[in-house]
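Below is one structure, written out as structure tokens; comments come after it.
Throughout, protein chains are lettered first and strands after them, A, B, ... in sequence-line order, and every chain is numbered starting at 1.
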Amino acid sequence: MPMKKFINDPGDLTSELLEGFCIAFGDKIALESEKLVVRAKLKDSGKVALVTLGGAGHEPALSGFVGEGALDISVVGDIFAAPGPPKVIEALRMANRDAGVLFIVLNHAGDVMSANMAMEMAEQEGLNVKMLLTHEDIAPGADAPIEDRRGLVGCCPLYKIAGAAAEAGKSLDEVYAIAQRFNDNMATLAVALKTATHPATGEEIFQLADDEMEIGMGQHGEAGTGRSAMMTADETARIMITQLAAAVGARQGDRLMVMINGAGATTMMEMCIVLRGVKKVLDEKGIQIACAPLGEFLTVQEMAGFQMFVAKMDDELLRLWNAPCNTPALTVR
Amino acid sequence: MPMKKFINDPGDLTSELLEGFCIAFGDKIALESEKLVVRAKLKDSGKVALVTLGGAGHEPALSGFVGEGALDISVVGDIFAAPGPPKVIEALRMANRDAGVLFIVLNHAGDVMSANMAMEMAEQEGLNVKMLLTHEDIAPGADAPIEDRRGLVGCCPLYKIAGAAAEAGKSLDEVYAIAQRFNDNMATLAVALKTATHPATGEEIFQLADDEMEIGMGQHGEAGTGRSAMMTADETARIMITQLAAAVGARQGDRLMVMINGAGATTMMEMCIVLRGVKKVLDEKGIQIACAPLGEFLTVQEMAGFQMFVAKMDDELLRLWNAPCNTPALTVR
Amino acid sequence: MAETIGYDEVVRMLSAAVEKIRGNHRQLSKLDSATGDGDHGTAMSRAVDAVQKVIDNDPPRALKPLLNNIAWGVMGIDGGSTGPLFGSLFLGLSDGVGDNETLDCAALAAMFEAGLAKVQKQSKAQVGDKTMMDALIPAVEALRKAAEGDDTIDEALRRAAEAARQGADATAAMQAKFGRAKNLGQRTVGHVDPGAASTAYLFEGFCEGIGD
Amino acid sequence: MAETIGYDEVVRMLSAAVEKIRGNHRQLSKLDSATGDGDHGTAMSRAVDAVQKVIDNDPPRALKPLLNNIAWGVMGIDGGSTGPLFGSLFLGLSDGVGDNETLDCAALAAMFEAGLAKVQKQSKAQVGDKTMMDALIPAVEALRKAAEGDDTIDEALRRAAEAARQGADATAAMQAKFGRAKNLGQRTVGHVDPGAASTAYLFEGFCEGIGD
Ligand SMILES: Nc1ncnc2c1ncn2[C@@H]1O[C@H](COP(=O)(O)OP(=O)(O)O)[C@@H](O)[C@H]1O
Ligand SMILES: Nc1ncnc2c1ncn2[C@@H]1O[C@H](COP(=O)(O)OP(=O)(O)O)[C@@H](O)[C@H]1O
Ligand SMILES: [Mg+2]
Ligand SMILES: [Mg+2]
Ligand SMILES: [Mg+2]
Ligand SMILES: [Mg+2]
């Protein structure tokens with residue numbers, strides 16, 4: 001049985017998708033050296049550059065956040081697979097500048113190994129790079145060791161906020177400190193309803209019974225903390241936002257960013273209904289929603305489900321979040 | 001078996017989704033009178049207003065195009081069902097002004113009947129409204145009678161272009177003429193791979209065998225022109241763009257907008273791969289891609305498939321397309 | 001038996017039609033799944049909810065405003081084609097009833113003729129086009145014939161209901177020429193049109209409401 | 001039989017390992033579907049394609065640069081964890097081989113010890129943690145023992161392959177402590193670790209390549 005996907009040779013997935021990506025968003029981004037998505041209009045070299053790396057198959061992330069006010073370079077791997085160290089060090093060399101480079105890495109085994117090897121080389125070569133690791137998944141518990149906490153959709157708003165800080169001319173230390181403050185105050189929990197097909201192998205990335213859902217699912221089908229019977233949107237929202245608010249220690253009067261990030265097949269209709277459920281719970285707690293980005297930012301092919309993300313915001317973070325940006329995945333006027 | 005959707009009472013789908021939509025996009029839109037999505041910051045009353053109507057369940061469309069530089073009011077029906085005439089006439093009254101109102105209607109039986117009844121009343125009340133019907137589906141043949149050609153995703157870029165013209169202070173006749181020129185030069189063809197579940201009934205909206213695809217599928221599961229075995233992305237792209245380019249009479253040297261509009265479960269990865277296939281064909285014909293919006297604009301729940309849209313562009317249309325706008329579904333800086 | 005009916009009988013007719021639709025809405029959506037988008041049962045449920053709401057909440061106790069309020073309620077349901085079509089039917093009934101508060105068979109027929117006329121302002125569909133018209137037109141014709149034949153109202157409504165049901169059943173053999181179903185062309189053959197089926201249920205309800 | 005091997009034998013070892021992975025990549029992805037993200041077979045296919053490409057296209061005909069080029073090829077495959085881990089292995093082999101162009105059993109063991117050491121710079125995983133280390137560590141230990149016992153190279157590689165396979169099989173009983181699989185915790189028990197399985201295939205390939 002052929003896969004029900006619009007693809008050609010599965011071996012060409014990443015190169016073809018990047019080609020199409022550049023046709024669609026050629027006013028914002030360009031492709032260099034096969035796997036490096038860079039800004040169409042390069043940033044002033046006096047400003048801090050932002051580099052990230054990660055697998056493909058999560059579109060629009062990660063490369064969808066390259067552009068004015070966000071990332072400078074995204075190093076693209078293969079489907080769900082981190083790029084190897086050679087491309088990563090190439091990107092770090094390309095981005096290197098006196099103002100410095102912030103290198104944002106999501107906590108996934110492959111990404112981290114690639115990043116570590118590239119950082120070793122960068123240090124040997126004397127490049128001016130600071131690495132920041134996102135690890136905001138609370139599925140293994142909010143106080144599980146960092147190694148166990150995956151980097152999920154939180155990288156996306158972090159790119160935007162760090163990018164705005166860089167665009168504002170802040171130093172590498174300042175940009176790093178802001179990004180780290182956001183990083184320290186964010187949390188994500190994912191939920192899955194239906195599996196997706198890996199576009200290279202044609203296999204389902206996990207199995208879930210017809211009446212089951214799973215909270216805590218990773219973004220490549222890695223299993224989460226617990227399967228349960230299907231719940232309503234309101235029940236799901238309540239369970240997830242309660243854990244997330246607790247994880248970031250949100251208290252009455254606090255202002256949260258709440259992001260509902262669709263995994264692929266979950267409709268915007270459902271995401272809106274969930275967000276409404278989230279607001280009811282936060283209203284009870286006297287916690288304010290400062291902003292609520294909703295849509296598909298980091299997907300898992302056509303998986304049904306979403307990632308719910310929260311971050312404790314302060315005036316500076318909100319200002320940076322609302323600053324202009326112009327990327328394929330997010331434009332702010 | 002429960003539906004694998006994040007919903008509560010199916011009777012509350014539309015009201016709850018609109019509530020969440022306003023939480024997410026409250027900086028851009030607001031809800032009036034239960035079913036009217038209006039701009040958060042009202043447009044200067046000296047400028048032409050744009051009103052549309054249509055069913056819900058297609059998010060972000062149609063209401064996602066309300067905002068600066070696009071629609072003023074979207075009248076929301078129920079899931080896949082047009083709003084009734086009372087709300088529509090209410091919206092036309094609300095939008096009415098000396099500068100006039102452009103009322104954009106997609107060609108679907110229910111929408112048109114509601115619109116016609118509202119237009120009758122508007123005329124009786126002496127409102128200053130001009131109605132424009134989109135009908136760019138070429139599934140029944142590009143020269144089939146207008147009644148048979150459905151309004152598909154083409155309304156979305158049309159909102160944007162007419163909205164930019166209105167924002168520029170053009171008169172109702174001018175805005176209408178520009179929108180009609182775009183309307184006369186556009187065409188859409190849809191393709192479906194996998195069905196979706198109607199969120200109110202829990203039933204699949206159509207059936208398609210495991211190895212079949214269907215070109216020409218409507219946006220509520222209405223059947224298209226022909227089922228075939230699964231094809232590659234390149235084959236699909238070639239068949240569709242060839243028909244579309246012919247439908248708008250595109251010739252060497254012409255500039256096209258090519259939009260790939262995901263139906264729900266089709267990944268951005270696939271859409272990019274298809275767009276690449278489209279470009280190959282257009283390159284052969286010497287036709288230029290002037291712009292290629294790609295993403296989910298008008299969805300059909302979690303259906304797998306997409307709508308491919310083309311429009312012949314000229315300098316003015318391109319300028320209007322690239323003008324700033326600020327809506328939930330599309331932001332241009 | 002009954003030679004004339006008044007406000008209370010009309011309300012009984014309407015309420016019975018409401019029940020009839022409520023009892024069959026799943027089947028109506030199923031029919032619409034075969035030829036359209038699967039929501040006709042939902043739309044009709046909302047339509048009859050709107051009818052019932054007018055009846056329950058402070059009804060005007062006069063036929064014309066009752067039917068007019070129902071028309072606006074039905075039009076307001078966000079039901080795709082159903083709102084305008086069935087809303088128009090009630091709008092026409094309200095036009096057609098005039099100032100009458102008791103209806104004999106002829107007045108009843110005239111009222112439904114006005115209803116049909118209003119629907120025909122929205123739709124050019126004729127008998128044979130596989131729409132609600134395939135039930136509505138014969139039902140109204142049956143009422144007219146019964147009035148001319150001096151039938152009782154029960155008898156007239158029974159004939160109308162039979163004609164509507166026959167017309168609805170006959171749509172199975174037709175190819176759709178209007179509405180969403182049109183796009184399916186040949187593939188609609190073999191399926192009863194949902195709008196025609198619901199029209200038949202309405203008339204069956206009207207008939208049963210009086211028959212009690 | 002063979003007391004020492006040279007460039008040609010190493011290429012034969014590598015090519016046989018390439019074939020071994022190619023013949024089993026579906027199974028490796030299947031294993032990864034149970035405990036990870038289902039792509040390990042794809043990643044290993046790309047890794048061995050990179051190995052073969054270095055062998056086929058203008059190979060340097062000296063062991064150190066051969067292994068170094070292979071290391072960079074494998075690291076460059078965009079294979080998630082596979083690139084850095086198996087790339088590091090070859091980087092270490094290249095470090096370890098030094099200027100030798102013929103290897104006796106002790107040199108072979110030393111070379112693999114350097115390979116292991118390089119992988120251990122990337123990962124703290126030990127035997128029992130359900131990773132490729134469960135195959136790699138015993139395989140390297142077997143080589144060292146064989147060298148100390150004055151075994152032939154064939155014999156040494158046979159013992160290494162057996163140790164790797166035993167180590168891989170033993171992972172079925174373990175709970176994952178590293179990599180993506182860690183998140184599944186208890187649910188990984190009962191499934192062989194894909195990285196361990198591919199490591200066993202590599203050593204089986206090395207062994208068969210020499211055995212010819
Ligand atoms: N132009 C038309 N004229 C008469 N009846 C129509 C027309 N269009 C649709 N209908 C009727 O409406 C029914 C479908 O109603 P419904 O499913 O509620 O609306 P929608 O098609 O908007 O989903 C059809 O079965 C048909 O009887
Ligand atoms: N930290 C680690 N240390 C040792 N081996 C690891 C580690 N992380 C992953 N592995 C190995 O990698 C294998 C998975 O490889 P692969 O599926 O290609 O990578 P990914 O997990 O990025 O998809 C695991 O089976 C395991 O043997
Ligand atoms: Mg992987
Ligand atoms: Mg409908
Ligand atoms: Mg319908
Ligand atoms: Mg894997």
**Asked** So which of B:Ile260, B:Thr236, B:Val258, B:Ile7 has the largest heavy-atom pair count under 4.5 angstrom toward chain A?
**Response** B:Ile7
**Fill in**
Taking every heavy atom of B:Phe6 against every heavy atom of A:Gly305, the minimum-distance pair comes out as CE1-CA, 3.9 Å
**Nearest heavy atoms of B:Gly264 and A:Glu296, plus distance in Å** = O-OE2, 4.4 Å
**Prompt:** Does the pair A:Gln301 and B:Met269 meet the rule for a side-chain contact (heavy atoms from CB on, under 4.5 Å), with working shown?
**Reply:** CA-CA 8 Å; A:Gln301 293 288 305; B:Met269 173 194 84; 3.5 Å; yes
**Prompt:** For the residue pair A:Ala265 and B:Ala265, what are the closest heavy atoms and their distance?
**Reply:** CB-CB, 4.1 Å
**Message:** Assess whether a salt bridge exists between A:Lys279 and B:Glu19, defined as any Lys/Arg side-chain N lying under 4.0 Å from an Asp/Glu carboxylate O.
**Reply:** no
**Prompt:** Side chains of A:Cys272 and B:Glu16: does their closest heavy-atom pair fall under 4.5 Å?
**Reply:** no
**Per-residue contact mode, B:Ala209 against chain A (heavy atom under 4.5 angstrom)** = backbone
**Request:** Can you tell which part of A:Val332 gets under 4.5 Å to a heavy atom of chain B, answering side chain, backbone, both or neither?
**Result:** backbone
**Request:** Heavy atoms only, distances under 4.5 angstrom: which of A:Leu294, A:Asp234, A:Leu18 has the most pairs with chain B? Name it, please.
**Result:** A:Asp234
**Prompt:** Given a strict heavy-atom distance threshold of 4.5 Å, which part of A:Pro293 is in contact with chain B: side chain, backbone, both, or neither?
**Reply:** neither
**Enclosure of A:Lys28 NZ (heavy-atom neighbours >12, cutoff 6.0 Å)** = yes
**Item:** Inter-residue atom distance A:Leu275.CG - B:Cys22.SG, 0.5 Å rounding
**Value:** 10.5 Å
**Asked** Is it the backbone or the side chain of B:Ala304 that comes under 4.5 Å from a heavy atom of chain A, or both, or neither?
**Response** neither
**Asked** Do you know which two heavy atoms are closest between A:Cys325 and B:Arg333, and how far apart they sit?
**Response** O-CD, 3.1 Å
**Request:** With a 4.5 angstrom heavy-atom cut-off, could you sort out which part of A:Ala329 is near chain B: side chain, backbone, both or neither?
**Result:** neither
**Message:** If you count heavy-atom pairs within less than 4.5 Å of chain A, which of B:Pro328, B:Gly20, B:Ala233 leads?
**Reply:** B:Ala233
**Request:** Determine the option with the most heavy-atom pairs under 4.5 angstrom with chain A, choosing from B:Thr331, B:Asn8, B:Val191.
**Result:** B:Asn8
**Fill in**
Of the listed A:Met231, A:Met213, A:Lys194, A:Met259, the one with the largest count of heavy-atom pairs under 4.5 Å with chain B is A:Lys194
**Request:** Give the intermediate values and the outcome of side-chain contact (heavy atoms from CB on, under 4.5 Å) for residues A:Phe21 and B:Met268.
**Result:** CA-CA 9 Å; A:Phe21 196 72; B:Met268 193 165 173; 3.8 Å; yes
**Fill in**
Most heavy-atom pairs under 4.5 Å with chain A, out of B:Thr267, B:Asp27, B:Ile273, B:Leu13, belong to B:Ile273
**Message:** Other residues, nucleotides and ligands only: do more than 12 of their heavy atoms fall within 6.0 Å of CD on A:Glu34?
**Reply:** no
**Message:** Only pairs of heavy atoms separated by less than 4.5 Å count here; which of B:Thr232, B:Leu193, B:Thr14 has the most with chain A?
**Reply:** B:Leu193
**Option in B:Val274, B:Asp210, B:Asp9, B:Asp12 with maximal non-hydrogen atom pairs under 4.5 Å from chain A** = B:Asp210
**Fill in**
Minimal heavy-atom distance between B:Pro2 and A:Asp211, with the atoms involved, is CD-CB, 4.1 Å
**Prompt:** For B:Lys4 and A:Met230, which heavy atoms make the closest approach, and how far apart are they?
**Reply:** CA-CE, 4.1 Å
